[in-house]
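Input: a single structure, listed below in structure tokens.
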There are 2 protein chains.
Amino acid sequence: MTAAADRTFSISELAQEFDVTTRAIRFYESEGLLTPERQGQRRIYSRRDRVRLMLTLRGKRIGLSLLEIRELFELYDAASNDEPQLTKFVDILSRREQQLTQQMQDIQLVLREIGQLKAQCENWMEKRSGGLPE
Amino acid sequence: MTAAADRTFSISELAQEFDVTTRAIRFYESEGLLTPERQGQRRIYSRRDRVRLMLTLRGKRIGLSLLEIRELFELYDAASNDEPQLTKFVDILSRREQQLTQQMQDIQLVLREIGQLKAQCENWMEKRSGGLPE
DNA sequence: AGCATAGATTACGTTAACGTAAACTGGAAC
DNA sequence: GTTCCAGTTTACGTTAACGTAATCTATGCT
């Protein structure tokens, strides 16, 4: 049994590590995404909270709203329950899968366009710099 | 010369085709993304406007703000100008490329997780349905 | 002429996700 | 003791991207 398994974190530690403001972290709590303990009035974050913060930020990066992220947390927590819950869970996952796949295709399109545009630009610039040798 | 090359569109035609409200289309105009002609007071959209609307919506899907989309339009229009403009253009493209690549990786991660979760759920549900044969 | 319909203009409302400021607390360091 | 410092609460402000009326206009149809 290693002794550091229950490491905890202060709010500013997490803020630094993930490059968000403490305000944002408290806001996520107010939205039900984090549930830190208290030591007096100070918030004290567990490993679990840290993971949830990570997942929250990743969720945001892929365009989920805080509400959706929270729903996923709740469904995930309750997922070992009854079958209707499970079915709903799978439904949501499928829909999101659908959207994300679409999103990836869009991104790939745009990336290709960007590549072409960049090549074109660099082409032009080369020609210009080579075209007037004093 | 075919005669229909200069087809134009009404606002509600575009609204229908792309499944957005007319309000949104007028809003995009007010933000400088579209520049329809006028026939009296009615807006009359060209092929070019239609393409820009398409690009606007695609930009939104991949998480660009209307302002960013407008900047890209402007840069694209001015791209055949001088070299500093071109350099700036390539810069912006590179940054966006960077972000989009990151975003794609995030999405791929989540898609993998979703796949696993779905498999797990279906696994559970199978076991249950098979476990109680009356 | 009268009416319906599509479109225009103006303006206020809304939601999400925090930012920002003010005022307070509790322990640590000097 | 007092001065920092990190943290807390409360509350109002902000931005983006439209939604939602309300009111007005132009036009084609009957």
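Throughout, protein chains are lettered first and strands after them, A, B, ... in sequence-line order, and every chain is numbered starting at 1.
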### Between C1' of C:dG26 and CD1 of A:Ile44, the distance in whole Å
15 Å
### Message
Membership question, hydrophobic clusters at under 4.5 Å side-chain separation (ILVMFWY): are A:Leu66 and A:Phe18 in the same one?
### Response
yes
### Query
Can you tell me how far CD1 of B:Ile69 sits from OH of B:Tyr28, rounded to the nearest 0.5 angstrom?
8.0 Å
### Message
Please determine whether a side-chain nitrogen of the Lys or Arg among B:Glu17 and B:Arg50 lies less than 4.0 Å from a carboxylate oxygen of the Asp or Glu.
### Response
yes
### Query
Taking atom C1' of C:dA8 as reference, at what distance in whole Å does atom CD of B:Glu37 sit?
17 Å
### Query
Are there more than 12 heavy atoms of other residues, nucleotides or ligands under 6.0 Å from atom CD of B:Gln16?
no
### Query
For DNA chain D, whose closest nucleotide is more 5', that of A:Arg23 or that of A:Tyr45?
A:Tyr45
### Ion pair A:Glu37/A:Arg43, N-O distance below 4.0 Å
no
### Query
Below 4.0 angstrom from OP1 or OP2 of C:dC18, is there any side-chain N or O of A:Tyr28?
yes
#### Entry: Interatomic distance where CG belongs to A:Leu66 and C1' belongs to C:dT15 [whole Å]
12 Å
### Same apolar cluster: A:Leu14 and A:Met54, side chain cutoff 4.5 Å
yes
### Query
Of the nucleotides D:dT8, C:dT9, D:dC18, which one has an atom closest to the side chain of B:Arg38?
C:dT9
### Query
Under 4.0 Å: is that the gap between some side-chain N or O of B:Ser10 and OP1 or OP2 of C:dA6?
no
#### Entry: Rounded distance in Å - CG (B:Leu14) to C1' (C:dA6)
14 Å
### Task
Please tell me which of A:Phe27 and B:Gln41 maps to the more 5' nucleotide of DNA chain C, matching each residue to the nucleotide holding its nearest heavy atom.
B:Gln41
#### Entry: A:Phe73 six-ring face occupied by A:Arg52 cation (under 6.0 Å, within 45°)
yes
### Message
Whether B:Ser12 contacts C:dG7 is assessed here as follows: a side-chain N or O lying under 4.0 Å from the phosphate OP1 or OP2. Is that the case?
### Response
yes
### Message
Could you tell me how far apart A:Leu34 (CG) and C:dA17 (P) are, to the nearest whole angstrom?
### Response
14 Å
#### Entry: Under-4.0 Å salt bridge between B:Glu13 and B:Arg7
yes
### Task
Establish, with yes or no, whether the OP1 or OP2 oxygen of C:dA8 is under 4.0 angstrom from a side-chain nitrogen or oxygen of B:Arg26.
yes
### Message
Applying a 4.0 Å non-hydrogen cut-off, can you work out what B:Arg43 is touching in the nucleic acid: base, sugar-phosphate, or nothing?
### Response
sugar-phosphate
### Query
Dot-bracket, DNA chain C: Watson-Crick or G-U, under 3.5 angstrom, [ ] crossing, | other strand?
||||||||||||||||||||||||||||||
### Query
Within the structure shown, what part of the strands sits under 4.0 Å from A:Thr22 by heavy-atom distance: base, sugar-phosphate, or nothing?
nothing
### Query
For A:Ile69 and C:dA16, what is the distance between atoms CD1 and C1' respectively, to the nearest whole Å?
12 Å
### Task
Using only side-chain N and O atoms of B:Lys60, determine if any of them is under 4.0 Å from OP1 or OP2 of D:dC18.
yes
### Interatomic distance, B:Gln16 CD vs C:dA6 C1' [rounded to whole Å]
12 Å
### Query
Below 4.0 angstrom from OP1 or OP2 of D:dT9, is there any side-chain N or O of A:Arg42?
no
### Message
How many whole angstroms separate atom CG of A:Leu67 from atom C1' of C:dC18?
### Response
16 Å
